[in-house]
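Residue numbers start at 1 and run along the sequence shown. Both counts, for ligands and for their atoms, begin at 1 and track the order of listing.
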Amino acid sequence: MRNLNHETITDAVLARHADTADPRFKQIMGSLIRHLHDFAREVHLTEDEWARGIDFLTRCGHITDDRRQEFILLSDVLGLSMLTVAMNNDKPAQCTESTVFGPFHVDGAPHYDLGADISNGAHGIPCLVRGTVRAADGQPIAGASMDVWQSDEDGLYDVQHPEIGHAQARGILHTDEEGRYYFHSILAVPYAIPHDGPVGDLLAASGRHPWRPAHLHFMIEAPGYQTLITHVFRSDDRYLDSDAVFGVRQSLIADWKQQPDGTYLVEYDFVLNPADRT
Ligand code: BEZ
Ligand code: FE
């Protein structure tokens, strides 16, 4: 345990974890330590670079509060969030795919009747959203809860407008007896993820843009089915192939059709996976 060098220190640290009681925690910590040490050796991390890394994480901590989660944003832009979603949401092919949750969901959104306008004053071009929620065998799922949220035409969610004291462009609806849903909202537009903090600096230093393709968020829950957290994307969006958080799935892209009166219509049918199947 004395005179450890840059090679032998890894085994020494791992040995110090030999008495970890929880086997899963032991596995995770062991792998993390091995990969972290290998990473430092591979790039030959300098002391100055180590300090800059610590400073970056410190800045992430300082900017994080109840309304802003810079660590999740970091995980998102590094593809870790989507990797975790993809690994844990393997489903039969006919089921709707999952994607990232994102930081802008709010618990306790207002409840609306089918057909309501959930924009609630948010600015944007009116858009009708409709479709069905079904099981893989085609059976409609009645009474499924749909929590929907989206940004306004400026690409901002209501929670990013400190002056708005109420929910806009978000709400909870329930499917009818035939599994149908329909509501009015506003046209989704591409928007930049928060990039005025350390994660924005990281993107800039990497020559990356902060944009996400236009999308609507859905969280759909029904007894006996796995909760589905997903988006519906616009097929005409220029950022579909360069989403800042890697959340796009081909199966989640829909045509948003402009109507003769200038408003939009998007139709999307969701298929839920039974709770006991992977
Ligand atoms: C979102 O779609 O709301 C989102 C997801 C990841 C990072 C930032 C925003
Ligand atoms: Fe979003």
Centroid separation Tyr191 to Tyr157 less than 6.0 Å: yes
Going by the atom numbers of ligand 1, which of them fall below 4.0 Å from some non-hydrogen atom of Leu73? 7 (C), 8 (C)
Please write down residue, atom name and distance for the protein heavy atom closest to atom 6 (C) of ligand 1. Asp76 OD2, 3.1 Å
To the closest 0.5 Å, what do you measure between NE2 (His174) and OH (Tyr112)? 14.5 Å
Taking Arg134 first and then Asp269, would you say they form a salt bridge - that is, a charged N and a carboxylate O separated by under 4.0 Å? no
Does at least one non-hydrogen atom of Tyr157 fall below 4.0 angstrom from an atom of ligand 1? yes
Does ligand 1 have a heavy atom under 4.0 Å from the side chain of Ile72, from its backbone, from both, or from neither? neither
Could you tell me whether His195 atom NE2 has more than 12 heavy atoms of other residues or ligands within 6.0 Å of it? no
Quick one: nearest non-hydrogen protein atom to atom 5 (C) of ligand 1, plus distance? Gly102 CA, 3.4 Å
Considering the heavy atoms of Arg212, write down every atom of ligand 1 situated less than 4.0 Å from one of them. 1 (C), 2 (O), 4 (C), 5 (C)
Asp236/Arg234 salt bridge by N-O under 4.0 Å criterion: yes
Looking at Ala167, is its backbone amide N or carbonyl O close enough to the side chain of Asn120 to form a donor-acceptor pair, meaning the two atoms are under 3.5 Å apart? yes
Compute whether any side-chain donor of one residue and acceptor of the other, for His161 and Asp154, lie under 3.5 angstrom apart. no
Atom 3 (O) of ligand 1 sits nearest the protein heavy atom Tyr191 OH, 2.7 Å
Identity and distance of the protein heavy atom lying nearest atom 9 (C) of ligand 1: Pro103 CD, 3.3 Å
Give a yes/no answer: is there an N/O/S atom of His217 under 2.8 Å from the Fe ion (ligand 2)? yes
Taking the six-membered ring for Trp, are Tyr264 and Trp256 closer than 6.0 Å centroid to centroid? no
For ligand 1, is there an atom lying under 4.0 Å from some heavy atom of His217? yes
If only atom types and distance count, is the side chain of His17 paired as donor or acceptor with the main-chain N or O of Val13 below 3.5 Å? yes
Distance check below 2.8 Å: does Tyr191 bring an N, O or S atom to the Fe ion (ligand 2)? yes
Quick check: does Tyr157 put an N/O/S atom under 2.8 Å from the Fe ion (ligand 2)? yes
Checking contacts here: is it the side chain or the backbone of Phe246 that comes within 4.0 Å of ligand 1, counting heavy atoms only? Could be both or neither. neither
